[in-house]
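Below: the structure, in structure tokens.
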Amino acid sequence: MPEGPSILLMKESIQKFEGQKVTEASGNAKIDKDILVGKTLQQIKTFGKQTYLIFDDVAIRIHLLMFGSHSVDEQTKPDRQLRLALLFSNSGMYFYTCNVKMVDKDFLATIDWEADVMSDDWNPSKAEKKIKANPDMMVCDALMDQDIFSGVGNIIKNEVLFRIGVQPESLLGKMPTKKIKELIKEARNYSFDFLEWKRDFTLKKHWLAHTKKICPKCGQKLIKKQTGKGKRRSFFCENDQKLYQ
DNA sequence: AAGGTTGTTGCCAG
DNA sequence: CCTGGCAACAACCT
């Protein structure tokens, strides 16, 4: 579930709690939950796959990792590990199986918000500079690098590379500038397509490469391979995706 | 129905 | 000191 677009949908669903006061905090998160009671949730901000619940003096960072989930108003599946529940006057938010951390409010100022591909502050030329500074990096690792493309996950990686016709193990330094620009543009563009498809519960049927066996362009068998430093699985077409090396 | 995974941290070895 | 590799986490999908 949780790549950047899914996190934005989560934010939408808990947006209504902004400005409300916490009446009760529970769950097995290893933070001092009691200090949240009585505090007002001033703002909710996302940075890539992270969500920050900002209170008067502290902030809570929530990261859903691979299996995390959330619900509003009711504990739909009580068998999951309830990590954090925040109740407000007449409703509440519940987070399951995620990483919860309390951070200093000053920490928020150290985040490079311009690295979030879905943010209004997204800065493509900054991303290009970071890419140019890493000529030996594989493009699959670059897309997964949260300092360059915050919010991009493995699904977005595979779909973006298929769309721009680039083989995942291509080296950044060997790709022409035009392709790099396409990469940067499509990382954001596809993320917003993902957002709308996810919202409509039609994400999977729009996958062209991820988990697919056959190339939708040429009909050839897709390659499935663990690629890059993270050894994350990639799906690609040897025919339609060029290897720059 | 067992095995893999939309992600990250933290530990350990070298 | 740094780096790389991998276990741990624990729920859903196929």
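Proteins come first, then strands; the chains are lettered A, B, ... in the order of their sequence lines, and each starts at number 1.
Rounded to whole Å, atom P of C:dC12 lies 10 Å from atom CZ of A:Phe67. Regarding A:Met66, its CE atom lies at a distance of 6 Å from the P atom of B:dG7, rounded to whole Å. Taking atom NZ of residue A:Lys231 and atom C1' of nucleotide B:dG4, one finds them 17 Å apart after rounding to whole Å. Following rounding to the nearest Å, A:Leu9 (CG) and B:dT6 (C1') show an atom-to-atom distance of 14 Å. In this structure, CH2 of A:Trp207 is placed 8 Å from P of B:dT6, rounded to the nearest angstrom. The separation between A:Asp193 atom CG and B:dT6 atom P is 20 Å, rounded to whole Å. Rounded to whole angstrom, the span from the CZ atom of A:Phe235 across to the C1' atom of B:dG4 amounts to 10 Å. Per the geometry, CG belonging to A:Leu203 stands 13 Å off P belonging to B:dT6, to the nearest Å.
With C:dA10, B:dT6, B:dT5 as the choices, the nucleotide that has an atom nearest any side-chain atom of A:Arg83 turns out to be C:dA10.
Evaluated for a side chain to side chain contact (heavy atoms under 4.5 Å, CB included) with A:Leu53, the options A:Ile62, A:Val22, A:Val100 yield exactly one hit, A:Ile62.
Between A:Arg233 and B:dG4 there is no side-chain N or O to OP1 or OP2 distance below 4.0 Å. For C:dA10, neither phosphate oxygen OP1 nor OP2 lies less than 4.0 angstrom from any side-chain nitrogen or oxygen of A:Thr97.
Environment of NZ in A:Lys181: sparse, with no more than 12 heavy atoms of neighbouring residues, nucleotides or ligands closer than 6.0 Å. The number of heavy atoms from other shown groups lying within 6.0 Å of NZ (A:Lys217) is above 12. When the shell of 6.0 Å around NZ of A:Lys132 is examined, it contains more than 12 heavy atoms from other residues, nucleotides or ligands. Other residues, nucleotides and ligands contribute over 12 non-hydrogen atoms within 6.0 Å of the NZ atom of A:Lys126.
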Anything under 3.5 Å between a protein N or O and an N or O of nucleotides 8-11 of chain B, put it in a table, one pair a line.
residue: B:dT8; atom: OP1; partner: A:His63; partner atom: NE2; Å: 3.1
residue: B:dT8; atom: OP2; partner: A:Lys49; partner atom: NZ; Å: 3.3

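Looking at residues two or more places apart in sequence or on another chain, you find no side chain to side chain donor-acceptor pair (under 3.5 Å) involving A:Asp147.
With C1' as the reference atom, B:dT6 and C:dG5 are 22 Å apart, rounded to whole Å. Remark: the separation of the C1' atoms in C:dC6 and B:dT5 is 16 Å, to the nearest Å.
Between A:Arg199 and A:Glu12, at least one side-chain N (NZ, or NE/NH1/NH2) sits under 4.0 Å from a carboxylate O, which counts as a salt bridge.
Secondary-structure stems of DNA chain C, taken as three or more successive Watson-Crick or G-U wobble pairs (i with j, i+1 with j-1) under a 3.5 Å distance threshold, comprise B:2-5 with C:11-14, B:7-14 with C:2-9.
A:Lys204 comes within contact range of the sugar-phosphate backbone alone, with a heavy-atom separation under 4.0 Å but no base atom that close.
Both tests do not hold together for A:Lys157 against A:Phe149: distance to the six-membered ring centre under 6.0 Å, angle to the ring axis within 45°.
Formation of a donor-acceptor pair under 3.5 Å by the A:Glu169 side chain with backbone atoms of A:Met138 is not found in this model.
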